[in-house]
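First the structure, in the form of structure tokens, and then the observations on it.
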Number of protein chains: 2
Amino acid sequence: MSVAEEAIREANARFYQAFEALDLSLMERVWGHGEHVRCVHPGWPLLCGWEAVRGSWEAIFQNTAEIRFTLSEVRVTAGEDLAWVTCTENILSETQGRLSVTSLLATNVFERAGEDWRLVHHHASHILAPPAPPPDTMTA
Amino acid sequence: MSVAEEAIREANARFYQAFEALDLSLMERVWGHGEHVRCVHPGWPLLCGWEAVRGSWEAIFQNTAEIRFTLSEVRVTAGEDLAWVTCTENILSETQGRLSVTSLLATNVFERAGEDWRLVHHHASHILAPPAPPPDTMTA
């Protein structure tokens, strides 16, 4: 793994640590703060710009009693100044007294900021059943 | 708009033209062909590597009689050698005799290939209702 890939993997892990901690100030340090920042929470419309994204985390943190992530299949592809990560978020959460276990797929885009990498886009969505593709498309 | 941004916007449009044409050879020209290529069709598990992604398009094209995209809110953020696009896919489709209209959110990641840009990741998901955030988080 390259130095950049390791740094991106760590930045990705810090995002989920901030989410688990339900800590807005940690989340602020994970994200870039520009107008180009975007976010798709599962099923939500697209949020554009850091203010809207920050507001969404504030709302989510207020409505979440506890959330625990186990990440699997974390794949990092790094460019010069941008990188993208896909991972499976295996989530144990309690929202308004209700406990749930679910798996989401996430695409996270990071932007280089010196030695560090900042999250600029998060797109998470639920895994449902595929629409009956031939078996050979599902093996890789 | 920069020259790169325009080229990325065109590459993004060609992806949807290939999808509308249900033409696998056009789709092959739009995508990068590496092992790092990935794809999340709405609700599907993650597909990894060009062979799996190509197989999914073959299956989708075989099961789709007609599909028409109107894109809205196409936003491009370009780096040196990677770029990411978000857009709303407003879709009119006919699958197994059933006509449907739906809106999806897509994240498309492109990789520079000389003057051209190749799609290396597509993540599309349905827009549902947001989980009751405060109104101010939804305005931007």
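The model shown is predicted, which means the values in this text are computed figures rather than measured ones. Per chain, numbering begins at 1; letters A, B, ... match sequence-line order.
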Query raised in the report: Do other residues, nucleotides or ligands put more than 12 heavy atoms under 6.0 Å from Glu80(A) CD?
Result: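 At most 12 heavy atoms, drawn from other residues, nucleotides or ligands, come within 6.0 Å of this atom.
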[X] with [Y], same ILVMFWY side-chain cluster at under 4.5 Å:
X: Trp50(B); Y: Leu24(B); value: yes
X: Val74(A); Y: Leu119(A); value: yes
X: Phe61(B); Y: Ile67(B); value: yes
X: Leu71(A); Y: Leu22(A); value: yes

Query raised in the report: Checking His41(A) against chain B: side chain, backbone, both or neither under 4.5 Å from a heavy atom?
Result: neither
Output a table of donor-acceptor pairs, distance under 3.5 Å, between side-chain atoms of residues 97-105 of chain A and any protein atom two or more places apart or on a different chain; print 'none' if there are none.
{"residue": "Ser100(A)", "atom": "OG", "partner": "Ser93(A)", "partner atom": "OG", "Å": "3.1"}
{"residue": "Ser103(A)", "atom": "OG", "partner": "Asn90(A)", "partner atom": "OD1", "Å": "3.0"}

Query raised in the report: Under the side-chain contact (heavy atoms from CB on, under 4.5 Å) criterion, do Trp84(B) and Leu82(A) qualify, and how do the steps go?
Result: CA-CA 9 Å; Trp84(B) 56 287; Leu82(A) 284 176; 3.9 Å; yes
Is any side-chain heavy atom of [X] less than 4.5 Å from a side-chain heavy atom of [Y]?
X: Val40(B); Y: His123(A); answer: no
X: Asp81(B); Y: Asp81(A); answer: yes
X: Arg38(A); Y: Thr77(B); answer: yes

Requested in this report: Calculate, to the nearest 0.5 Å, the distance between atoms NE2 and OG belonging to His126(A) and Ser125(B) respectively.
Outcome: 9.5 Å
**Report entry** Winner by heavy-atom pair count (cut-off under 4.5 Å) against chain B, out of Val109(A), Thr88(A), Thr107(A)
**Finding:**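 Going by pairs under 4.5 Å, I would pick Thr107(A).
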Query raised in the report: Do Thr86(B) and His121(A) meet the criterion of a side-chain donor-acceptor pair at a distance under 3.5 Å?
Result: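 His121(A) and Thr86(B) do not have a side-chain donor-acceptor pair below 3.5 Å.
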